[in-house]
There are 4 protein chains.
Amino acid sequence: MSSRKEKIIETSIELFNTKGAINTTTRHICDELGISVGNLYYYFKNKEEIIIVIYQKFMSELGAHFTAVDEKVDTAFDYYKFLTAQMEYEYQYRFLRLEMANLIQAYPKVREALEFGVKIKMQQLTYLYKHQMNFGYLKKMDEQEQEFITANTMIIGSQWEIYWILSHCENELKRRRNGVLNLLYFMKPYMTKKGLEETNLLESIDFLQKENNETV
Amino acid sequence: MSSRKEKIIETSIELFNTKGAINTTTRHICDELGISVGNLYYYFKNKEEIIIVIYQKFMSELGAHFTAVDEKVDTAFDYYKFLTAQMEYEYQYRFLRLEMANLIQAYPKVREALEFGVKIKMQQLTYLYKHQMNFGYLKKMDEQEQEFITANTMIIGSQWEIYWILSHCENELKRRRNGVLNLLYFMKPYMTKKGLEETNLLESIDFLQKENNETV
Amino acid sequence: MSSRKEKIIETSIELFNTKGAINTTTRHICDELGISVGNLYYYFKNKEEIIIVIYQKFMSELGAHFTAVDEKVDTAFDYYKFLTAQMEYEYQYRFLRLEMANLIQAYPKVREALEFGVKIKMQQLTYLYKHQMNFGYLKKMDEQEQEFITANTMIIGSQWEIYWILSHCENELKRRRNGVLNLLYFMKPYMTKKGLEETNLLESIDFLQKENNETV
Amino acid sequence: MSSRKEKIIETSIELFNTKGAINTTTRHICDELGISVGNLYYYFKNKEEIIIVIYQKFMSELGAHFTAVDEKVDTAFDYYKFLTAQMEYEYQYRFLRLEMANLIQAYPKVREALEFGVKIKMQQLTYLYKHQMNFGYLKKMDEQEQEFITANTMIIGSQWEIYWILSHCENELKRRRNGVLNLLYFMKPYMTKKGLEETNLLESIDFLQKENNETV
DNA sequence: CATGAATGAGCTTTCATTCAT
DNA sequence: GATGAATGAAAGCTCATTCAT
């Protein structure tokens, strides 16, 4: 059972995702919860803090789920499993990605938090790619290329949704599968023969495509 | 010399890019220009119309610059030249990409316009990729993969900036070069040997990297 | 053929009647006419003056139509003919009656004009009723009763429409016939036997009722 | 002691009656009360709602005062008492009658409310007149005539004031007495001998006339 | 802890009117 | 005569935030 403070966070996330964080008023949140505005401000200094706390929650959940590959152990990374799970999390906080630009403009502390988040994710990703290269699952590439592949991964991984929204893909589930496909297809050309054989990347692509074809 | 209406557009673009379109009020625009509010509304029905007109200006400038490859002529596409020019344009209207999610939430007609824009760009890109495949510059791939490569191109092409902003890349010029590099690196693995030889893709990457290293 | 000034008046009347004088902007009038705002203000000092001129036009048309009964000649007054014609005129200027209260609040000179108009009409009506009493068409009554019968005639004569609008009588023609019936029925109990015989009041009522029953 | 919400209503009524509802801004109301704009909007969604609430208040007060005559009981209706009391109420909300046309143009929900009010009042009046006819206080008349007598009663009953304003009757009290006289005189010719004897209609007229003569 | 009334700056938009050309 | 750009006060309304209870 969640406390009042947690309930405010949960309701805020829901409203931010559906109506947009910028468009959602504090009153809105309170009405939805059936609490008073004063009460919300007892738990949170201001709207910015709500967003910050949401972001922290998001990061900690993501961190809990992400089990780093062991530096010394030779394992092919299961992209499908990882991305599907990650997308699940990310989708629950999608307003953070969608409204990024406006949020960092309006709330300086949100900017700081997001900057920190990008840094962390970039390190994790860099570590993972290096590991997969070392064990021959990913094609070797120089440091600079690595940097940009990492950047591209993160850009696609965080901004795929607005593209599919504008492409009239109205089904939420399909949209999310497309997001995973965006990333799987993105990885494909960087995989070695061994990589393709030992991860289930191609099979995952086929599977998601089939699922999507069966969805209206 | 530009007319009052054009000046409103120019000032709006400038303010939208620096402060955000959502955060910029009609009064801000008027104050910046030294005109009265009534005068702004003499030229534009409402704020939405200003954004729409800006978007149309952006699309027409982009269209004027984009010369489609001839279906029957065998030419290697000059990505560097194209992307550099395109980024130049896009950068002048970057609020459109950065605030996309909030803009389409607040202004229905902007949503329609952006949807239309995505459709057009996707068609052009699909056409270009097919052409380059036919003449052996790009590796062959099935329709579905093409669809997602196109999607990824557009996602990276429109959302690279927010990544570099959050990665503390404060220099505008460097940021823009990074955007081009994002796309060049993205293209690289899809190019055939012939493609790499006859386009200047690798040289362009080297050139931009060097330029960036020389910039603080 | 009417001059520019007359055309402004005509268009204003039309718009005032359909959209309301308070809701109709000067721009509205100009757009409808295809002239510039400045040009309208060349002919009229301000919006108030337009209304004043309309009111004068209304009064003069009404005066031209109203041929006073001769003091010495014994004639039964034809209420039906008179009212039908009068309603025709009044209907063309109905905003004057409907928006009376707001117009006199907003425009002091309109108030003066309307006060004058009421005075004139009251005199004409008083004269008519006295004449009809003298020749035995109307029942005799004391001065004070006369005053209030006159007042009631004018109230009904000017305010019937809002009642029928609120009673869901949407057909314009029917509404106007109802207005005439309001007044004919109002007169009925004041008529003498001779009055009822020599005017066509009862027949007019029957005629209008029949017409109305045949209209949807 | 009245609450803040009630005070807003009271002040609004006062300002609407003196300056007109259309001319009175929400800021006016707040300034008059010494409260902030935000506070007014805390209690009322918008200006329309204020008017609606005022109308409901008016209708409920009127309803509480109106005790319907018993269908089976033979009683002469006391027009004077009834009208004097009713005028008292109506006068406190006179902007509703005076600005009717503009109010229904500007506020759709006010239109609905007023239409409903007209319907209710018409039913009550019809019922009353039928009752008085059945017991011989009012002269018999056919359905159609009844309909128009009812209409005329309501027109005079709601629109007398604008007439007396335009007739330079500046004294509020006198104006209100005139309104009652308008209706009493209107009823007079429809009364039977019995009706005139058993109601105090004629005496009431005399009384009011005398009172008015004594007022400047 | 919890309420909800209160604030006030600020937003978008409207419109009668003016005036240089 | 005619144009239409320009003005600016004012309208209705929103919303994050505060604070007495």
Side-chain angles (χ1 to χ4, degrees), chain A residues 3-5 8 22-31 33-51 106-107, chain B residues 3-5 7-8 22-31 33-50 106-107, chain C residues 3-5 8 22-31 33-51 106-107, chain D residues 3-5 7-8 22-31 33-50 106-107:
Chain A
S3 73
R4 170 75 48 110
K5 190 167 184 177
I8 293 171
I22 302 285
N23 289 326
T24 303
T25 69
T26 46
R27 257 249 186 139
H28 230 85
I29 300 167
C30 297
D31 287 354
L33 263 166
I35 66 165
S36 66
V37 209
N39 200 208
L40 183 144
Y41 276 86
Y42 175 79
Y43 290 105
F44 298 93
K45 216 177 89 213
N46 49 33
K47 200 178 166 184
E48 184 168 24
E49 204 185 83
I50 299 179
I51 300 170
Y107 306 109
Chain B
S3 73
R4 174 70 53 105
K5 189 170 185 176
K7 267 182 190 144
I8 293 171
I22 302 285
N23 292 326
T24 304
T25 71
T26 47
R27 268 238 166 69
H28 282 337
I29 302 168
C30 297
D31 288 352
L33 265 165
I35 63 167
S36 66
V37 210
N39 198 209
L40 183 144
Y41 278 88
Y42 176 78
Y43 290 104
F44 298 94
K45 219 176 84 220
N46 50 35
K47 197 177 164 185
E48 184 168 25
E49 205 184 82
I50 298 179
Y107 306 109
Chain C
S3 72
R4 170 75 47 111
K5 190 168 184 176
I8 293 171
I22 302 286
N23 290 326
T24 303
T25 69
T26 47
R27 256 246 185 143
H28 230 85
I29 301 166
C30 297
D31 287 354
L33 264 165
I35 66 166
S36 66
V37 210
N39 199 208
L40 184 144
Y41 276 86
Y42 174 79
Y43 289 106
F44 298 93
K45 216 177 86 213
N46 50 33
K47 200 177 166 185
E48 184 168 24
E49 205 184 82
I50 299 178
I51 301 170
Y107 306 110
Chain D
S3 72
R4 173 72 53 106
K5 188 169 186 178
K7 266 181 190 145
I8 293 172
I22 301 287
N23 291 325
T24 304
T25 71
T26 47
R27 269 236 167 71
H28 281 338
I29 301 168
C30 296
D31 287 353
L33 266 164
I35 65 168
S36 66
V37 208
N39 198 208
L40 183 144
Y41 278 90
Y42 176 78
Y43 290 105
F44 299 95
K45 217 177 84 218
N46 50 34
K47 198 177 164 185
E48 185 167 26
E49 205 185 81
I50 299 179
Y107 306 109

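Treat the numbers as computed from the prediction; the structure is a model and nothing was measured.
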In B/S/- notation (B base, S sugar-phosphate only, - none; protein heavy atoms under 4.0 Å), nucleotides 14-21 of chain F written 5' to 3' is BBSBBB--
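Per the geometry, NE2 belonging to C:H28 stands 19 Å off P belonging to F:dG4, to the nearest Å. As a whole-Å value, the separation of D:D31 CG from E:dG8 P is 12 Å. C:I29 has its CD1 atom 15 Å from the C1' atom of E:dT14, to the nearest Å. Rounded to whole Å, the distance from OH on C:Y42 to C1' on F:dG1 is 5 Å. Distance, D:L40 CG to E:dG8 P: 15 Å, rounded to whole Å.
Atom NE2 in A:H28 sits 11.0 Å away from atom SG in A:C30 (nearest 0.5 Å). Atoms OG1 and CG, from C:T25 and C:D31 in turn, are 7.5 Å apart once rounded to the nearest 0.5 Å. Taken from CD in C:E48 to CD1 in C:I50, the straight-line distance is 11.0 Å, to the nearest 0.5 Å.
Comparing F:dT21 with E:dC1, their P atoms are spaced 23 Å from each other, to the whole Å.
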Can you list the steps and then say if B:L33 with B:L40 is a side chain to side chain contact (heavy atoms under 4.5 Å, CB included)? CA-CA 10 Å; B:L33 265 165; B:L40 183 144; over 6 Å; no
Please report the C-alpha distance between A:I35 and A:I8 in whole Å, then the side-chain angles of each, then the deciding distance to 0.1 Å, and finally whether the side chain to side chain contact (heavy atoms under 4.5 Å, CB included) criterion is met. CA-CA 9 Å; A:I35 66 165; A:I8 293 171; 4.0 Å; yes
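Under the Watson-Crick or G-U wobble criterion, with both distances below 3.5 Å, F:dA2 is paired with E:dT21. Nucleotide F:dA11 has E:dT12 as its partner under the Watson-Crick or G-U criteria, with both atom distances under 3.5 Å.
The residue A:Y43 sits close only to the backbone: its heavy atoms come under 4.0 Å of sugar-phosphate atoms, none of a base.
Shortest non-hydrogen contact noted between B:I22 and B:K47 is O-NZ, 3.7 Å. D:E49 and D:F44 make their closest contact through OE1-CA, 3.5 Å (heavy atoms, listed as atom of the first residue, atom of the second, distance).
Checked against F:dA2, E:dA6, E:dA2, the side chain of C:R4 finds its nearest nucleotide in F:dA2.
Side-chain N/O atoms of D:S36 include one lying less than 4.0 angstrom from OP1 or OP2 on E:dT7.
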